[in-house]
Amino acid sequence: MKVLTTRFGELSVNKEDVIRFKEGILGFEEHKNFFIVDPNDNTLILWLQSTDTPNIAFPMIEPQIFKSDYFPVLMPSDMSSIDLEETSDARVYSILTIPADYTQMSANLKAPIVVNVKKNIGKQIVLQDNRMLVKHEMYKELKLAISSHATSDDRRRTMQTPIRTLSNQNSNPMAANEAESINPAELTNAKTAMTNSESN
Amino acid sequence: MLVLTRKLGESIAIDDHIKIVVVQIKGKQVRLGIKAPKETKIHREEVYLAIQDQNVQALESTPESMSGLTQDLNNKK
């Protein structure tokens, strides 16, 4: 099928390459169907292009390219939301913002786009891990990654982002990262307060 | 929206497994304790707003900044 795009003109897209986002992208819930455009410009930046709206296209990149220690952890509910049975069937991308001063570019590590490549279902999944940044500045990391590889194919070979599921993890990321975890003593105090207020 | 009044130490149960306790009330701030199964996702609403904002900015990446970046990244110096 033919798809009109603002950035790339008219593109022809195979129906089987269309990725269905049942819930859209956060803030853009009305757009459900996208495909990935690789402009082959040696930046390794891809575009998540809407099939129905020419000017809806999000720049994105596989985070493993610039951050080799990025390990998103999916909850069982995340897995089922994109019909994912095996983590190896998933590809992970981070949406980029590229301002006029592109050295301030940033990647969203907190809410990656996760695509089930077997079924072509995608979702922007908000990770529970509170250490992940919505705006992770990464110009220097990207520049370094690109200049340290000979060809873009070399880079692509090394850049699959491994994902983990909660069930493979020993620790609960929520407990480990919740900034304001509750001190049990406070709960005890709260109970005491409740008893007092009832007796009053 | 359902509105409930709770005192310090009182809680709200959602379904069978989620419990929200008022842990502390200090001036305009309320601290809530949340007990939920570990697969439950819990975020401050600002997280979602920040992500939506980032998505809007992502769309605004201009061809000029893109071509500047492309040239820069292709220049290995």
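Just so it is clear: chains get the letters A, B, ... in the order the sequence lines come, proteins before strands, and each one is counted from 1. Please read these numbers as outputs of a predicted model, since none were measured by experiment. Hydrogens, waters and symmetry mates play no part in the numbers below; they use all other heavy atoms, side chains included.
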* Do B:Ser65 side-chain atoms and A:Ile98 backbone N/O form a donor-acceptor pair below 3.5 Å? -> yes
* Structure fact -> The interface call for A:Met105 against chain B, heavy-atom contacts under 4.5 Å, is side chain
* Asked: Tell me, side chain or backbone of B:Glu64 under 4.5 Å from chain A's heavy atoms, or both, or neither?
  -> neither
* Mind checking whether A:Val18 and A:Val114 sit in one hydrophobic cluster, side chains of I, L, V, M, F, W, Y counted as touching below 4.5 Å? -> yes
* To do: Between chain B and each of A:Asp41, A:Val126, A:Leu96, A:Ile25, count heavy-atom pairs under 4.5 Å; write down the option with the most.
  => A:Val126
* Structure fact -> Scanning both residues in full, the closest heavy-atom pair of A:Tyr102 with B:Gly68 reads CE2-C, 3.4 Å
* Would you name the heavy atoms of A:Lys143 and B:Asn75 that are closest together and state the gap between them? => NZ-O, 2.6 Å
* Identify the two heavy atoms, one from A:Gln128 and one from B:Lys41, that lie closest to each other, and give their separation to 0.1 Å. => OE1-CA, 3.2 Å
* Value rounded to 0.5 Å, distance of CG in B:Leu73 from CG in A:Leu44 -> 8.5 Å
* Any chance CD of B:Gln29 has more than 12 other-residue heavy atoms, nucleotides or ligands included, within less than 6.0 Å? -> no
* **Residue part contacting chain B, namely of A:Asp78, when any heavy atom lies under 4.5 Å** => side chain
* Verdict with reasoning, A:Met75 to B:Lys38, per side-chain contact (heavy atoms from CB on, under 4.5 Å) -> CA-CA 9 Å; A:Met75 300 282 180; B:Lys38 61 179 180 179; over 6 Å; no
* Asked: Counting only heavy atoms not in B:Gln71, do more than 12 fall under 6.0 Å of its CD?
  -> no
* Asked: Do B:Ile42 and B:Ile14 belong together in a cluster built from hydrophobic side chains that touch within less than 4.5 Å?
  -> yes
* Are B:Val3 and B:Leu32 joined in one hydrophobic group, where the rule is that I, L, V, M, F, W and Y side chains link up if heavy atoms are under 4.5 Å apart? -> no
* Asked: Nearest 0.5 Å, what's the OH-CG distance between A:Tyr139 and B:Leu69?
  -> 7.5 Å
* Asked: In Å and rounded to the nearest 0.5 Å, what is the CD to CD distance from A:Gln124 to B:Gln52?
  -> 9.0 Å
* To do: Say whether A:Val92 and A:Phe35 are linked into one hydrophobic cluster, either directly or through other cluster members, by side-chain heavy-atom distances under 4.5 angstrom.
  => yes
* **Contact class of A:Leu127 relative to chain B, heavy atoms under 4.5 angstrom** => backbone
* Asked: Is B:Lys19 atom NZ crowded by more than 12 heavy atoms from other residues, nucleotides or ligands, each under 6.0 Å away?
  -> no
* Asked: For A:Ile95, is it the side chain, the backbone, both or neither that has a heavy atom under 4.5 Å from a heavy atom of chain B?
  -> both
* **Side-chain donor/acceptor of B:Glu39 to backbone N/O of A:Ser77, under 3.5 Å** => no
* Does A:Glu137 CD have over 12 foreign heavy atoms under 6.0 Å away? -> yes
* Asked: Given side chains that start at C-beta, do those of A:Ile56 and B:Leu59 come closer than 4.5 Å, heavy atoms only?
  -> yes
* To do: Determine whether the side chains of A:Lys110 and B:Gln54 contain a donor N or O and an acceptor N or O closer than 3.5 Å.
  => no
* chain A contact via B:Thr62 - which portion, at a heavy-atom distance below 4.5 Å -> backbone
* To do: State plainly whether one hydrophobic cluster holds both A:Phe8 and A:Leu4, where clusters connect Ile, Leu, Val, Met, Phe, Trp and Tyr through side-chain heavy atoms under 4.5 angstrom apart.
  => no
* To do: For residues A:Lys135 and B:Gln57, determine if any side-chain heavy atom of one lies less than 4.5 Å from a side-chain heavy atom of the other.
  => yes
* To do: Decide if atom CD of A:Glu86 counts as having more than 12 heavy atoms of other residues, nucleotides or ligands within a radius under 6.0 Å.
  => no
* Asked: From A:Thr97 OG1 over to B:Asn55 CG, what is the distance, rounded to the nearest 0.5 angstrom?
  -> 10.0 Å
